[in-house]
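This is the structure I have questions about; it appears just below.
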Number of protein chains: 2
Amino acid sequence: MTTMKEIAHRAGVSVSTVSLVLNNRDEGRVNADTAANVRAIAKAMGYRPNPLARSLRTSRTRIIGFVSEEIATTPYAGGIVLGAQDAASELGYMMITVNTDGRANEERQLAALKRYGVDGFLYAKMSNRVTTAPGGIAGYPTVIVDAVDGSGGIPSIAPDETRIGYDATRHLIDAGCRRIAYVGCAEPMLAEGLRLEGYRSALRDAGIEPDDDLAIRVWFNQPALDAVSRLFDERHPDGFFCFNDARAWYVYECAARRGLVVGRDVSVVGVDNHRVIAETFAPQLTTVELPHYEMGYWSVCRLVSLIEDRPLDDVTPPRTTAPLPPFDADGPVSIHCTLIEKDSVAHHAAA
Amino acid sequence: MTTMKEIAHRAGVSVSTVSLVLNNRDEGRVNADTAANVRAIAKAMGYRPNPLARSLRTSRTRIIGFVSEEIATTPYAGGIVLGAQDAASELGYMMITVNTDGRANEERQLAALKRYGVDGFLYAKMSNRVTTAPGGIAGYPTVIVDAVDGSGGIPSIAPDETRIGYDATRHLIDAGCRRIAYVGCAEPMLAEGLRLEGYRSALRDAGIEPDDDLAIRVWFNQPALDAVSRLFDERHPDGFFCFNDARAWYVYECAARRGLVVGRDVSVVGVDNHRVIAETFAPQLTTVELPHYEMGYWSVCRLVSLIEDRPLDDVTPPRTTAPLPPFDADGPVSIHCTLIEKDSVAHHAAA
DNA sequence: TTGTACGCGTTATCAA
DNA sequence: TTGATAACGCGTACAA
């Protein structure tokens, strides 16, 4: 590790001069030639600033604390963490991730992070819900990921759940389906209600009155399979909007047992085709993909813009993928999710 | 953040005395009373050392770098990361996790970690294979997780794959099965060959000559389902040992379509019943559980023992769960996996 | 038994 | 335009 002192020695100048130059504060304060020389030497010696020493002075570490209760418990976490890490890396930040199990060790973990001098926090849930950030976070720049702040005031980023329901249902309507079922999730989740709402709006907008018997909410395993079976036999839906991968499976399974081919006899649109369908039935599910990676990525951009008090456009590295959501709003931000079309929807003229 | 200086001021002593006391270096060097006083004040003021400042002096950060290519791509990662984080937390360490996508940005990420002064590395794969740690890691204390070091010399921790195959097969034999099939994985993996080996040994030990037609290796989806279907129809196995959750699903599905009840008509033992079976068929699969959490936990203990050059027993916090593997060996360590019995195995007298 | 002085690598202030 | 000098919080050799 080469230090400023060594560079100063080699360049025959003082450490302060080196510091000025290497921090680009030499504009009109250091002779252009000496500056160039210092830069050249620094480059030749492969100088990289020591973040610890810098932090000791500036009390800024360029470390972000990623706090979550459920990093380990859901397969989606990976996407968020990865996106966050990528953004952090591109912006010159590091991320320390900690997993809190409930409020128990939460404050202890937060205290540790604070001692390490993190510049801000990402507080992540793994499915959209109303949450309230732990008290210890107060006063630190914070962004809530995949949830909305119950107490208000903290910016958050989450999928636009209503629109997910709307778009999925709309897609089925456009394909000619008229008896569209919703296979929801029996656990109380924000997403559940909102997607149902979107599903209903789409139907109404298309002049179809929602039929409550077509919308069910199921848990897992046999009871879920039984419920979907009844739905098949009693209401004969021609399209299904499924809350998630596991719910879509029940539809695929029921269809298979009745000799119905998904994508020909019945149409299915799901959310976030993650593993179950992909590994069991053919990976053909038309899905609205939850932007986990993007949420992670964008939340870090937003957090850094808070930390460094710079406009968001300024800190956001150029990206070739999806456009940015309207970050300027200081409250919660809903991210639009895109529908990925596979061959689980039969496109035929309207009946 | 209260500092040593403040404590020194309040105690009416110098900073060095405080430092001596708070680092437990006061044995016979500081008056017992002053020491006690200093400790009391430190406690009252809630003193916590500033890790940054300390690191600047000691060039030790108590930060561990967790490096992996696939944190995001597998649902198992969570368990390893969580276990590692727990151990780190209990041992007073922090973990910075980075996800490298191939060798491309790997060295850049490693360089960043090194600049932040990590004390050592965890290099993790998400399924047991022969690997070789990146060059940039050389010279740092390192432990390889869920893989074995190809070039030797670096300690590693991975499941005992052969024994997984042996135990699972043995369990089926003990339950009375005689035509035991192996549904393996067509991808080339270390685990695949080793589990097959264990499967064969168990059969031979029971006086059953392995029948090659009973051991198949499949990919995913329809082709896999077809292969397992043929297996059912042509060889009529009474027991199945399945490489993983997804492979077990094909067996459940084929059984269901033939009216056979798993746990009554056929027996199934799998590995790591993760999500597929649990969310689709009832979560009843008898499995050999891969100790992801334990691997993470133990690897950190081992790494810390390397970093601090202390015997492993010394750094390992007391645990109530499984016993420690034989860490003393300096090469690869195989962790024994335990079989969790659910009701997917029909226990009947041998035919 | 305690305090002084210095260094870790940086940044910031101020005087030259 | 440049360079001492102090400070960030801590650890430690050495002097008192």
Side-chain angles (χ1 to χ4, degrees), chain A residues 1-39 41-42 45-63 92 111-112 114-119 308, chain B residues 1-39 41-42 45-63 92 111-112 114-119 308:
Chain A
M1 285 301 160
T2 97
T3 73
M4 283 192 174
K5 191 195 269 182
E6 294 168 18
I7 297 177
H9 186 68
R10 280 263 277 264
V13 297
S14 81
V15 203
S16 344
T17 308
V18 175
S19 175
L20 279 182
V21 172
L22 263 28
N23 287 304
N24 298 315
R25 300 213 173 297
D26 56 322
E27 188 82 9
R29 308 182 58 187
V30 172
N31 180 304
D33 289 345
T34 20
N37 187 234
V38 165
R39 268 185 253 272
I41 294 184
M45 298 180 72
Y47 171 78
R48 306 262 62 194
N50 179 331
L52 271 65
R54 170 176 285 175
S55 304
L56 191 57
R57 246 332 278 205
T58 62
S59 63
R60 294 255 319 281
T61 53
R62 299 190 82 85
I63 296 180
K114 289 196 268 187
R115 255 182 292 127
Y116 274 87
V118 294
D119 292 339
E308 305 186 353
Chain B
M1 283 301 158
T2 96
T3 73
M4 284 193 173
K5 191 195 269 181
E6 294 168 19
I7 297 177
H9 186 69
R10 279 265 276 266
V13 296
S14 83
V15 207
S16 8
T17 309
V18 177
S19 175
L20 280 181
V21 172
L22 262 28
N23 288 305
N24 297 317
R25 300 218 172 296
D26 58 321
E27 189 82 12
R29 308 183 59 189
V30 173
N31 180 304
D33 288 345
T34 18
N37 187 234
V38 165
R39 267 184 253 272
I41 294 185
M45 300 181 69
Y47 171 78
R48 308 261 62 194
N50 178 329
L52 271 66
R54 170 177 283 177
S55 305
L56 193 55
R57 261 311 296 195
T58 62
S59 64
R60 295 257 317 281
T61 53
R62 298 189 82 85
I63 296 180
K114 289 197 269 187
R115 255 181 293 128
Y116 273 87
V118 294
D119 291 340
E308 304 185 354

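This one's a predicted model, so the numbers in the text were calculated from it and none came from an experiment. The chains referred to below are lettered A, B, ... by the order of the sequence lines, with proteins before strands, and numbering in each begins at 1.
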Handout entry: Spacing of N23(B) atom CG relative to dC10(D) atom P, expressed in whole Å
Key = 10 Å
Exercise for the section: Please work out if S19(A) contacts a base, only the sugar-phosphate, or nothing of the nucleic acid, heavy-atom cut-off 4.0 Å. Expected result: base
Handout entry: Under-4.0 Å side-chain N/O to phosphate OP1/OP2 contact, K5(B) with dC8(D)
Key = yes
Completion exercise
R60(A) atom CZ is separated from dA12(C) atom P, nearest whole Å, by 11 Å
Practice task
Please state how far atom NE2 in H9(B) lies from atom P in dG9(D), giving the value in whole angstrom units.
Solution key: 15 Å
Exercise for the section: Return no unless some side-chain N or O of N50(A) is found under 4.0 Å from OP1 or OP2 of dC8(C). Expected result: no
Fill in the blank from the handout: The answer to which of A53(B) and T17(B) contacts DNA chain D further toward the 5' end, by nearest nucleotide, is A53(B)
Handout entry: Euclidean distance, atom CG of residue L22(A) to atom C1' of dA12(C) [Å, nearest integer]
Key = 16 Å
Exercise for the section: Would you name the heavy atoms of L52(A) and S55(B) that are closest together and state the gap between them? Expected result: CD2-CB, 3.1 Å
Practice task
Could you tell me whether T34(B) contacts a base, only the sugar-phosphate backbone, or nothing, with contacts defined as non-hydrogen atoms closer than 4.0 Å?
Solution key: sugar-phosphate
Problem - Given DNA chain C, 5'-ward residue of the pair A35(B) and T3(A), judged by closest heavy atom - result: A35(B)
Handout entry: Interatomic distance where CE belongs to M4(A) and P belongs to dT5(D) [whole Å]
Key = 19 Å
Handout entry: Side chain N31(B), main chain D33(B), donor-acceptor under 3.5 Å
Key = yes
Exercise for the section: Could you state the atom-to-atom distance from CG of L56(B) to P of dT10(C) in whole Å? Expected result: 9 Å
Problem - Gap between atom CG of D119(A) and atom CZ of R62(A) - 0.5 Å precision - result: 8.0 Å
Completion exercise
Atom CE of M1(A) and atom C1' of dT10(C) are separated, to the nearest Å, by 15 Å
Can you list, pair by pair, the side-chain donor-acceptor contacts under 3.5 Å of residues 1-15 of chain A, counting residues two or more places apart and other chains?
unit_1 : atom_1 : unit_2 : atom_2 : d
T3(A)  : OG1    : K5(A)  : N      : 3.2
T3(A)  : OG1    : E6(A)  : N      : 3.4
S14(A) : OG     : S16(A) : N      : 3.3
S14(A) : OG     : S16(A) : OG     : 3.3
S14(A) : OG     : T17(A) : N      : 3.4
S14(A) : OG     : T17(A) : OG1    : 3.3

Practice task
Identify whether any heavy atom of V13(A) sits under 4.0 Å from a base atom; if not, whether one sits that close to sugar-phosphate; answer base, sugar-phosphate or nothing.
Solution key: sugar-phosphate
Exercise for the section: May I ask you to verify if any side-chain N or O of R25(B) is less than 4.0 angstrom from the OP1 or OP2 atom of dT12(D)? Expected result: yes
Exercise for the section: With heavy atoms under 4.0 Å as the rule, sort S16(B) into base, sugar-phosphate or nothing. Expected result: base
Practice task
Return yes if the base of dG7(C) and the side-chain atoms of R57(B) contain a donor-acceptor N/O pair under 3.5 Å, otherwise no.
Solution key: yes
Exercise for the section: Scan R54(B) against the nucleic acid and name what it touches under 4.0 Å (heavy atoms): base, sugar-phosphate only, or nothing. Expected result: sugar-phosphate
Practice task
Mind calculating the distance between OH (Y47(A)) and P (dG9(C)) to the nearest angstrom?
Solution key: 10 Å
Exercise for the section: Please list, chain by chain and in numerical order, all residues satisfying salt bridge (Lys or Arg N to Asp or Glu O under 4.0 Å) with R39(A), sequence neighbours excluded. Expected result: D26(A)
